[in-house]
Amino acid sequence: MLKKNEEYVVNIIDNGFQGEGIAKLDGIPVFIPNSIKGEVVKIKILKVLSSHAFGKIIEITQKSTHRKEEDCETARLCGGCSLRHIDYDFTIDMKKISVENTVSKALGRKVEVDSVIKMESPYNYRNKLQYPVGVSEDGRAVMGVYAARTHKIIETKECKIQDKRSQDIANSIYEFVIDKNIPVYNEQTLTGSIRHIIIREGKKTNETMVTLVTNMQDIPKEKELVEFLTSKYPDIKTIAKNINNKNTNVILGDKTEIIYGDGYIYDFLGNKKFKISPLSFYQVNPVQTEKLYSKAVEYANLTGKETIFDLYCGIGTIGIFASDNVKKIYGIETIPEAIEDAKENAKINNIKNSEFFAGDVEKVLPELVKTRNLSADVVFIDPPRKGCDKVALDTLLQVLPSRIVYVSCNPATLARDLKYLEEQYNLEKVAICDMFPFTHHCEVVTCLELKN
Ligand SMILES: C[S@@+](CC[C@H](N)C(=O)[O-])C[C@H]1O[C@@H](n2cnc3c(N)ncnc32)[C@H](O)[C@@H]1O
């Protein structure tokens with residue numbers, strides 16, 4: 001019987017979904033973060049459950065050739081880049097194998113990934129920095145990232161996946177806060193002001209938007225802070241203040257005020273321009289987003305005659321990206337503000353052949369099919385991690401578009417939904433696009449063709 005605190009030397013036989021190494025002891029899997037398949041490691045057992053256990057590395061007896069020096073001081077603590085200790089090419093191989101195994105298992109046959117889209121330079125790729133600000137155990141104001149599964153803030157002055165200018169601006173805000181003695185949010189006493197700093201970059205336009213989430217209506221020295229930031233960083237086009245005085249883990253509150261500029265920035269994906277407001281969803285890795293959307297459009301095989309559905313459309317990016325080659329776009333998205341952005345984005349790009357609807361796909365799509373007799377030749381689906389609702393899939397099985405291009409950030413729910421659609425569709429192609437290098441997250445694009 002395995003026991004907590006006991007030490008063992010184990011062979012790592014596989015890597016799991018989150019990149020953790022897996023060994024077998026007493027017939028049950030033991031999950032060991034930061035270990036790599038092929039390694040031999042000395043571990044200490046941390047927790048034993050009936051079907052599995054958790055351990056931590058004490059010593060690596062035999063290193064994988066894919067292990068690399070960690071180039072980040074906080075990676076181990078923050079847990080964001082759970083693959084930081086592995087060479088980049090091998091992280092891609094791991095993601096590919098994991099997607100192939102998951103989809104093959106669901107469909108009961110061998111499925112291979114046809115196309116792998118790596119990042120040429122997998123550093124500083126994010127266009128959105130989001131740092132909590134709070135009080136440390138010794139009473140100091142701190143800014144950084146949360147330690148994995150906790151609310152302890154790890155001070156972060158440099159993060160390898162953040163945009164360098166965003167990091168610089170965040171550091172300047174932090175220094176201003178310390179210099180001017182501005183009280184930061186204290187989670188214990190629910191007092192103080194700044195609780196989050198959010199910085200978004202239009203990487204193609206060089207426009208920057210800063211959002212300061214505050215517990216108090218007025219940030220002390222607010223005007224001075226705005227003057228300081230806009231004179232030091234002329235690319236800051238807008239600064240927003242979001243008021244969140246609730247005792248909650250949710251980052252943004254209900255009220256947002258623009259304290260500098262127009263309240264938005266622009267960015268380009270391909271030749272299409274997008275307006276980004278403080279609350280808009282926008283993919284965080286724009287370099288890879290262009291590649292992801294290009295692959296989706298390639299799979300869609302558009303000729304200009306097609307009517308398309310862009311389901312779970314966010315601010316309309318996939319449909320608008322594809323718009324030069326389609327006859328008509330219908331987009332559906334649950335967040336009303338995102339639909340307003342999608343309509344505005346269509347206008348900015350002079351797209352007249354689009355209609356966007358706010359609401360859940362599983363409600364709006366069947367309604368549109370029934371009341372307006374809508375159908376589509378090609379459907380793009382890009383749902384959240386939980387995948388598609390059955391009603392949405394049933395409606396597609398009724399509409400029967402010639403092609404479905406399914407974009408997913410969760411291979412497990414993708415595989416489940418592919419199995420459901422298999423009744424009428426053949427899975428033709430599978431690509432992975434590395435949107436989140438050095439994290440375990442994996443983005444997949446698949447192309448399904450109507451049978452017969
Ligand atoms: C992975 S994002 C994709 C957004 C967009 N396609 C893009 O590439 O930026 C998933 C989107 O689905 C929306 N969503 C979640 N559940 C939904 C539902 N039941 N019906 C419609 N949209 C939903 C989310 O608000 C989010 O914008």
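When a ligand or atom number is given, it counts from 1 through the structure's own listing order. What's counted below: heavy atoms across the whole structure, side chains too, no hydrogens, waters or symmetry copies.
For atom 21 (C) of ligand 1, the closest heavy atom belonging to the protein is Thr334 N, 3.3 Å. Looking only at protein heavy atoms, the nearest one to atom 10 (C) of ligand 1 is Asp382 O, 3.3 Å. Scanning all protein heavy atoms for the shortest distance to atom 9 (O) of ligand 1 gives Phe281 CE2, 3.2 Å. Among protein heavy atoms, the minimum distance from atom 13 (C) of ligand 1 is reached at Glu333 OE1, 3.1 Å. For atom 4 (C) of ligand 1, the closest non-hydrogen atom of the protein is Tyr312 O, 3.5 Å. What sits closest to atom 20 (N) of ligand 1 on the protein, heavy atoms only, is Val361 N, 2.9 Å.
Atoms of ligand 1 found under 4.0 Å from any heavy atom of Ile335, numbered from 1 in the order shown, are 25 (O). Interface of Glu362 with ligand 1, defined as ligand atoms under 4.0 Å from a residue heavy atom, comprises 19 (N). Atom numbering of ligand 1 starts at 1 in the shown order; those under 4.0 Å from a heavy atom of Tyr293 are 7 (C), 8 (O), 9 (O). Taking every heavy atom of Gln283 and a limit of under 4.0 angstrom, the matching atoms of ligand 1 come to 7 (C), 8 (O), 9 (O). Of all the atoms in ligand 1, the ones that sit under 4.0 Å from a non-hydrogen atom of Thr317 are 7 (C), 8 (O), 9 (O).
Residue contacts with ligand 1: Pro383 is included, with a non-hydrogen atom under 4.0 Å away. Using 4.0 Å as the threshold, Pro384 has a heavy atom nearer than that to some atom of ligand 1. In this structure, Gly359 is part of the shell of residues with a heavy atom less than 4.0 angstrom from ligand 1.
Between Leu400 and Gln424 there is a side-chain heavy-atom pair separated by less than 4.5 Å. In this structure, the side chains of Lys273 and Asn349 come closer than 4.5 Å at one or more pairs of heavy atoms. Using a 4.5 Å heavy-atom cutoff, the side chains of Gln167 and Asn171 are in contact.
Atom CZ in Phe357 sits 4.5 Å away from atom CZ in Arg372 (nearest 0.5 Å).
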Can Gln217 and Glu257 be said to form a side-chain hydrogen bond (donor to acceptor under 3.5 Å, both in side chains), step by step?
CA-CA 10 Å; Gln217 171 66 37; Glu257 287 174 21; 2.8 Å; yes
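Residues Tyr266 and Tyr264 bring their aromatic ring centres within 6.0 Å.
Looking only at atom types and distance, the side chain of Tyr131 has no donor-acceptor partner in the side chain of Thr156 under 3.5 Å away. Between the side chains of Lys347 and Asn345, no donor-acceptor pair of N or O atoms lies under 3.5 Å.
Looking at Cys409 against ligand 1, nothing comes within 4.0 Å, counting heavy atoms.
The side-chain hydrogen bond (donor to acceptor under 3.5 Å, both in side chains) with Glu201 is formed by just one residue from the set Asn127, Thr208, Asn206; it is Thr208.
Under the 3.5 Å distance criterion, the side-chain polar atoms of Ser354 are left unmatched by any main-chain donor or acceptor of Ile329.
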